[in-house]
Structures are given as structure tokens and as C-alpha cells.
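On a predicted model such as this, the values are computed, not experimentally measured, just so you know. Order of the sequence lines sets the chain letters (A, B, ...), proteins ahead of strands, with each chain counted from 1.
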2 protein chains.
Amino acid sequence: MDKETVIFSKALADETRQRILKLICCRWLAVNEIVAELNLTQPTISHHLALLREAGLVLIRQEGKFTYYTLNQAHLVSCCGRLLINFAPQSEISTLVQNHLDTSTSPKEP
Amino acid sequence: MDKETVIFSKALADETRQRILKLICCRWLAVNEIVAELNLTQPTISHHLALLREAGLVLIRQEGKFTYYTLNQAHLVSCCGRLLINFAPQSEISTLVQNHLDTSTSPKEP
DNA sequence: AGATTATATAGATTACCGTCTATTTGTCAA
DNA sequence: TTGACAAATAGACGGTAATCTATATAATCT
């Protein structure tokens, strides 16, 4: 059983977490900036960020008293790819993904 | 907010449901056949199948007193694609998926 | 050092979810 | 029509998870 895809799906299975991921998709945001965007308390946001961190879905950078988060796109791509390969092996897209994951994880040709 | 990706993720956010999807990935199985494979009661399996049905992840065919289920690969591909486009727009794979979804949902050229 | 701000953690509460047993509904065969 | 089997639904129960308030930890500023 592919446990990783279950962990991944659980991490995404909440509207608040998807809103957070959308916010930090292509940029680094500090926790208080995320709090300012969503209508929730700071501990709630920290809780969700901890879950996302455990799922490997965020990258973290500490800077002074600020902690910046951004979405780990590579891991998300890898997990979506595994879902496609596991559950849609007959789809054309799966072979595309398969090739992509192969070439993007192996070292470059000389 | 993309509600569909939340519904999709919730549907996958359980090990039992992923095991069911794996079983019915490329074939039609009756409920009692699924029950026989997993170590759970028939109502539990029916409950999960209902959730998967509401998420659009299964196709259903009635035949006499048997009800056959199979994984709806097209819908799974579409949802994974939306995850990638939403959350990994900078990834190479996203443009591949984008093109794939465009061409596979529009009518064929004459 | 003390005050202030940023974030994480602890603990409580409430709602939701996975599973079970019991029952209902629907289909077929005798 | 009755009996047997397939599947869905109802209701109960225990566990998990989302949110909050309160507090702890850590860094910065005066």
C-alpha cells in the first residue's frame, strides 16, 4: 500500500490548508502574513502549517523572528504523479508523468 | 476557492478508500467481491463507495442483483491536473497537463 | 534588563469520520 | 409467493481533527 499518497491526500483534505497552500504557492510568506489573509487565529494557522510540514509540502526559512513558508512544488508534483500512476495507469497523462518523474529525479546526461 | 480539489482530496484521504480504488482501478468489481478482498464489513464498504460516488470517482453499473463499480480514471486525471495547475503552476509538468486536459476535453479535429 | 512582537505548544471543546450491528430494499430462483 | 442473497441505509460508538484560549519560547528593540 502506498502510504505516501494517503498522507498527501490527508494534508490536502481541508479547505483551510488548500487556501494556505494557494497563498504560499509561488512566494515566501511569514506566518503573520498568512494569518492576516485568512480569518483564523494564529495558533490555528500554526497548527495547519505543522501538518503541511510533516507531509513535506512546505519549505521553511527562518529569518530573525520571522518564519517564512513556501509551497514545496517538487513534492506536490511527485505525489500527484504517484496518484496518477497508481490510479490512472491507462491514461495517456500517466506515461507523460512517468517519463517526467524519471528524468527529473535522475542526474542530467553529460 | 477550488472546492472540487478539496472534495477530491477528502475522498482520497483514507487508506481504505485508496485500497478500494486500487482494486477497481482497471476492472469492474461487485460490492461483495470488494468486501471479500478487504477485511471489513459490507456496510463499511458500501459507505466508502457512497463517498467515492459523491466525489465522482467511481462509475457504477447495475446487473441483476449485483452492483459493479470501477474507478473513473478520467475524473481522477482531471482532479490531479487541477491540483498541479493550482499548486505547481511553475512546474514543467503543469504545462503538459494543461495541454493534455485542453485537448482531451475539446472535440476532435475533423 | 525589560517590553514587545513572532511563532509554537498545550489543553479544552466541538464536530466530523470510520466502523460496527441491525434493518430495509431490491432481485432472483424455486 | 416465499426464501435467499446483494446492497444500501439507519443509528450507535469511539477516535480523530479543526478551532479556540492561554501560555511558553525566542528574537528584537529601547
Side-chain angles (χ1 to χ4, degrees), chain A residues 1-24 27-72, chain B residues 1-24 27-72:
Chain A
M1 184 66 217
D2 193 343
K3 197 114 187 176
E4 177 111 44
T5 56
V6 178
I7 293 169
F8 171 69
S9 302
K10 279 185 200 283
L12 288 180
D14 181 81
E15 179 172 347
T16 297
R17 282 194 290 278
Q18 288 208 13
R19 292 176 69 197
I20 292 174
L21 290 177
K22 193 76 180 178
L23 279 174
I24 61 174
R27 55 179 172 168
W28 292 86
L29 280 190
V31 177
N32 60 353
E33 296 174 297
I34 301 172
V35 171
E37 294 285 337
L38 308 176
N39 214 13
L40 293 166
T41 64
Q42 173 267 315
T44 296
I45 301 299
S46 275
H47 167 72
H48 287 301
L49 288 171
L51 289 183
L52 293 172
R53 170 166 25 92
E54 285 156 27
L57 276 169
V58 291
L59 302 173
I60 303 178
R61 184 162 51 89
Q62 191 80 29
E63 217 163 279
K65 55 179 179 175
F66 294 93
T67 309
Y68 294 93
Y69 286 80
T70 195
L71 199 160
N72 184 347
Chain B
M1 184 67 218
D2 192 343
K3 196 114 188 177
E4 176 111 47
T5 57
V6 178
I7 293 168
F8 171 69
S9 302
K10 279 185 200 284
L12 288 180
D14 180 78
E15 178 172 348
T16 297
R17 283 194 291 277
Q18 288 208 13
R19 292 175 70 197
I20 292 175
L21 291 177
K22 192 77 180 178
L23 280 175
I24 62 173
R27 55 179 172 168
W28 292 86
L29 280 190
V31 177
N32 59 352
E33 296 175 297
I34 301 172
V35 170
E37 294 285 337
L38 308 175
N39 213 11
L40 292 166
T41 65
Q42 173 266 316
T44 297
I45 302 300
S46 274
H47 168 72
H48 287 301
L49 288 170
L51 290 182
L52 293 172
R53 169 166 26 93
E54 284 157 27
L57 276 168
V58 291
L59 302 173
I60 303 178
R61 183 162 53 88
Q62 191 80 28
E63 216 162 280
K65 54 180 179 176
F66 294 93
T67 310
Y68 294 93
Y69 285 80
T70 195
L71 199 161
N72 184 349

Contacts of B:Ala30 meeting side-chain contact (heavy atoms from CB on, under 4.5 Å) (sequence neighbours excluded), chain-then-number -> B:Asn32, B:Glu33, B:Phe66, B:Tyr68

With sequence neighbours left out, the residues meeting salt bridge (Lys or Arg N to Asp or Glu O under 4.0 Å) with B:Arg27 are none

Under 3.5 Å, sequence neighbours excluded: what are the donor-acceptor pairs made by side chains of residues 52-63 of chain A?
from, atom 1, to, atom 2, distance (Å)
A:Arg61, NH1, A:Glu63, OE1, 2.3
A:Gln62, OE1, A:Thr67, OG1, 3.3
A:Gln62, NE2, A:Thr67, OG1, 3.3

OG1 of A:Thr44 to CG of A:Asn39, rounded to nearest 0.5 Å, is 11.0 Å

Any protein N or O atoms within reach of nucleotides 25-30 of chain D? Criterion: under 3.5 Å, listing atom names and distances.
none

CG (B:Leu49) and OH (B:Tyr69) are apart, to the nearest 0.5 Å, by 5.0 Å

Residues passing the side-chain contact (heavy atoms from CB on, under 4.5 Å) test with A:Thr16, sequence neighbours excluded, are A:Asp14, A:Ile20, A:Leu40, A:His48

Separation of D:dA6 atom P from B:Ile45 atom CD1, nearest Å, is 15 Å

When rounded to whole Å, the CZ to C1' distance for the pair B:Arg53 and D:dA8 reads 9 Å

Residue set satisfying side chain to side chain donor-acceptor pair (under 3.5 Å) with A:Gln42, at least two apart, ordered chain then number -> A:Ser46

message: So A:Thr67, base contact, sugar-phosphate only, or nothing? Heavy-atom distance under 4.0 Å.
response: sugar-phosphate

Footprint ends on DNA chain C, 5' to 3', for atoms under 4.0 angstrom from a heavy atom of chain A, come out as C:dT5 to C:dT9

Taken in chain and number order and not counting sequence neighbours, the residues that satisfy side chain to side chain donor-acceptor pair (under 3.5 Å) with A:Thr70 are none

From CG of B:Asn32 across to C1' of D:dA8 the rounded distance in Å is 14 Å

Might you list the N or O atoms of the protein lying below 3.5 Å from N or O atoms in nucleotides 18-20 of chain D, with each pair's distance?
from, atom 1, to, atom 2, distance (Å)
D:dA18, OP1, A:Arg17, NH1, 3.4
D:dA18, OP1, A:Arg17, NH2, 2.9
D:dA18, OP2, A:Arg17, NH1, 3.4
D:dT19, OP1, A:Thr16, OG1, 3.2
D:dT19, OP2, A:His48, NE2, 2.2
D:dC20, OP2, A:Thr41, N, 3.2
D:dC20, OP2, A:Thr41, OG1, 3.0
D:dC20, OP2, A:Thr44, OG1, 2.7

Those residues at least two apart in sequence (or on a different chain) that pass side-chain contact (heavy atoms from CB on, under 4.5 Å) with B:Lys65 are none

*asked:* I'd like to check A:Lys10 versus A:Val6 (side-chain heavy atoms, cut-off strictly below 4.5 Å). Are they in contact?
replied: yes

Residue set satisfying salt bridge (Lys or Arg N to Asp or Glu O under 4.0 Å) with B:Glu4, at least two apart, ordered chain then number -> B:Arg82

- Query: Reckon B:Ala30 touches a base, only the sugar-phosphate, or nothing at all at heavy-atom distances under 4.0 Å?
  - Reply: sugar-phosphate

Report task. For A:Tyr68, answer base if it contacts any base atom (sugar-phosphate contacts may also be present), sugar-phosphate if it contacts only those atoms, and nothing otherwise; contact means non-hydrogen atoms under 4.0 Å. Result -> nothing

Terminal axes of the helix from C:dA1-D:dT30 to C:dA30-D:dT1 (5 end pairs apiece), angle rounded to 10 degrees, sit apart by 20°

- Item | Note, B:Gln18 side chain near B:Leu12 side chain (heavy atom, < 4.5 Å) | yes

In this structure, CD1 of B:Ile7 is separated from CG of B:Leu51 (nearest 0.5 Å) by 11.5 Å

